[in-house]
Amino acid sequence: MLLAGVDFAGSSHTVARSLIGVTLLVDGVGGRIVETEAYDRDDPASHTFAGPTARNAVMFGTPAHAYVYRSYGIHWCLNFVCREAGHGAGVLIRALEPTMGIDRMQLRRGLDDPRLLCSGPGRLGQALAIDHGFNGLPLDVPPFLLLAAPTDRPAAEVSEGPRIGISKAIDTPWRFGEAGSRFLSKPFNAGNTPARARDA
DNA sequence: TCCATGATTACCT
DNA sequence: GGTAATCATGGAT
């Protein structure tokens, strides 16, 4: 289950980290993945925590497939299924650095600023025209195309931190991102915490 | 059949 | 900096 240099049979944390730097294209539109989040079966913040349902069935299926869900009744969010078939783990794609089809993304988003095209899971879904019809599609055939990070350049430094927008397991550092990227949905603070104590 | 909830974003002051 | 918008899902009734 190797695709674009990423072993989708691995743990969601490993896959989430490995995906940073991989190029994701949907119908020729997309860019480099700069931010992801891992969700696992025994994870209170995961859609699969309470067991299989009609909505999350895809996450209990074959790895390297797309799991798409509606968020807050407004946004479409894109996840990649990982681990072994039937496990119920996935990786949320949170942000891209736009590289291909930027004009089409600008049209879909109604914006010009490249930094606002894909910096957030809902924005990314709108820019790539993701909807429920993509749920369950395999990632190794069109309209999806995953390209491994270039090997002739050093891999990007990956930051990690707590996940965003969840109410459970909020301290688990399963958010990953390219250090210093301007295309993140939010900056990472790891390493920037002042040394002085904040309380006694 | 009804109701509470959320892996978010945009717009208001 | 705060809050409204908006609806599919899933568990309760």
Side-chain angles (χ1 to χ4, degrees), chain A residues 8 11-20 22 24 26 33-61 63-83 87-98 105-137 139 158-178 181-189:
Chain A
F8 281 84
S11 72
S12 51
H13 328 122
T14 305
V15 173
R17 175 179 283 270
S18 304
L19 281 171
I20 303 299
V22 170
L24 164 66
V26 178
I33 297 172
V34 296
E35 185 179 339
T36 60
E37 281 180 2
Y39 289 86
D40 213 326
R41 174 62 202 274
D42 295 319
D43 171 4
S46 173
H47 285 177
T48 57
F49 182 66
T53 66
R55 175 174 64 149
N56 64 28
V58 169
M59 278 228 272
F60 286 95
H65 282 234
Y67 166 54
V68 176
Y69 71 95
R70 189 83 132 147
S71 175
Y72 290 87
I74 326 172
H75 311 289
W76 293 107
C77 295
L78 174 65
N79 299 249
F80 293 168
V81 179
C82 60
R83 275 198 173 243
H87 182 87
V91 173
L92 171 67
I93 310 301
R94 287 190 54 89
L96 299 182
E97 175 180 339
M105 290 191 276
Q106 289 171 329
L107 203 61
R108 291 164 177 167
R109 294 272 300 119
L111 295 164
D112 286 339
D113 188 344
R115 288 186 50 177
L116 299 179
L117 292 179
C118 300
S119 56
R123 293 168 175 176
L124 189 155
Q126 185 181 18
L128 300 189
I130 299 288
D131 63 24
H132 194 253
F134 290 75
N135 192 39
L137 295 185
L139 299 176
V158 177
S159 297
E160 60 183 75
R163 292 173 291 183
I164 294 177
I166 57 177
S167 57
K168 298 167 184 170
I170 57 177
D171 293 329
T172 311
W174 286 347
R175 174 179 177 237
F176 301 92
E178 181 177 299
S181 171
R182 298 165 322 196
F183 299 92
L184 300 171
S185 62
K186 284 185 181 176
F188 284 83
N189 295 320

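Letters go in sequence order (proteins before strands), and every chain restarts at 1.
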Taking Watson-Crick and G-U wobble contacts under 3.5 angstrom, with | marking pairs to another strand and [ ] crossing pairs, the secondary structure of DNA chain B is written ||||||.|||||.
Would a distance-only check, ignoring hydrogens and angles, find a side-chain to backbone donor-acceptor pair under 3.5 Å from A:N79 to A:Y67?
yes
If I take atom NE2 in residue A:H132 and atom P in nucleotide C:dC7, what distance separates them, rounded to the nearest angstrom?
15 Å
Starting from P on C:dA8, measure out to CG on A:N56 and report it in whole angstrom.
18 Å
Rounded off to whole Å, could you give me the CG-to-C1' distance for the A:D131 and C:dA8 pair?
14 Å
Could you say whether the aromatic ring of A:Y39 and the base of B:dA7 stack, counting only centre distances under 5.5 Å and plane angles under 30°?
yes
Test: A:E97 and A:R182 ion pair at under 4.0 Å
no
Output yes when at least one side-chain N/O atom of A:T53 is less than 4.0 Å from OP1 or OP2 of C:dG10, else no.
yes
Going by atom types alone, do A:R94 and A:S185 pair a side-chain donor with an acceptor below 3.5 Å?
yes
Quick note, A:I74 side chain, CB onward, closest among C:dT6, B:dA7, C:dG10 is C:dT6
Return yes if the base of C:dA5 and the side-chain atoms of A:Y72 contain a donor-acceptor N/O pair under 3.5 Å, otherwise no.
no
Interatomic distance where CG belongs to A:N135 and P belongs to C:dA8 [whole Å]
15 Å
Taking atom types as they are modelled, would you say the side chain of A:H47 forms a donor-acceptor pair with the base of B:dA7 within the 3.5 Å cutoff?
yes
DNA chain B: A:Q126 or A:R55, which has the more 5' nearest nucleotide?
A:R55
Can you tell me how far C1' of B:dT8 sits from CG of A:L92, to the nearest Å?
11 Å
Tell me the interatomic distance from A:F176, atom CZ, to B:dA7, atom C1', rounded to whole angstroms.
15 Å
Base, sugar-phosphate, or nothing for A:I166, non-hydrogen atoms under 4.0 angstrom?
sugar-phosphate
Spell out, as yes or no, whether a donor-acceptor pair under 3.5 Å connects the side chain of A:D40 to the backbone of A:S11.
no
For B:dA7, take OP1 and OP2 only and decide whether either is under 4.0 Å from a side-chain N or O of A:S46.
no
When rounded to whole Å, the CH2 to C1' distance for the pair A:W76 and C:dT9 reads 11 Å
Closest to the A:R109 side chain, choosing from B:dA7, C:dT9, B:dA10:
B:dA10
Taking only Lys NZ, Arg NE, NH1 and NH2, and the carboxylate oxygens of Asp or Glu, determine whether A:D131 and A:R70 approach each other closer than 4.0 Å.
no
Is the backbone of A:T48 close enough, under 3.5 Å, to the side chain of A:R41 for a donor and an acceptor to pair up by distance?
yes
To the nearest Å, how far apart are A:L124 CG and B:dT8 C1'?
13 Å
Please name the residue in the list A:V91, A:N135, A:L24 that meets the side chain to side chain contact (heavy atoms under 4.5 Å, CB included) test with A:L78.
A:L24
Near-ring test A:Y39/A:H47, centroid separation under 6.0 angstrom
no
When A:A54 and A:R70 are each assigned the nearest nucleotide of DNA chain C, the 5'-most assignment goes to A:R70
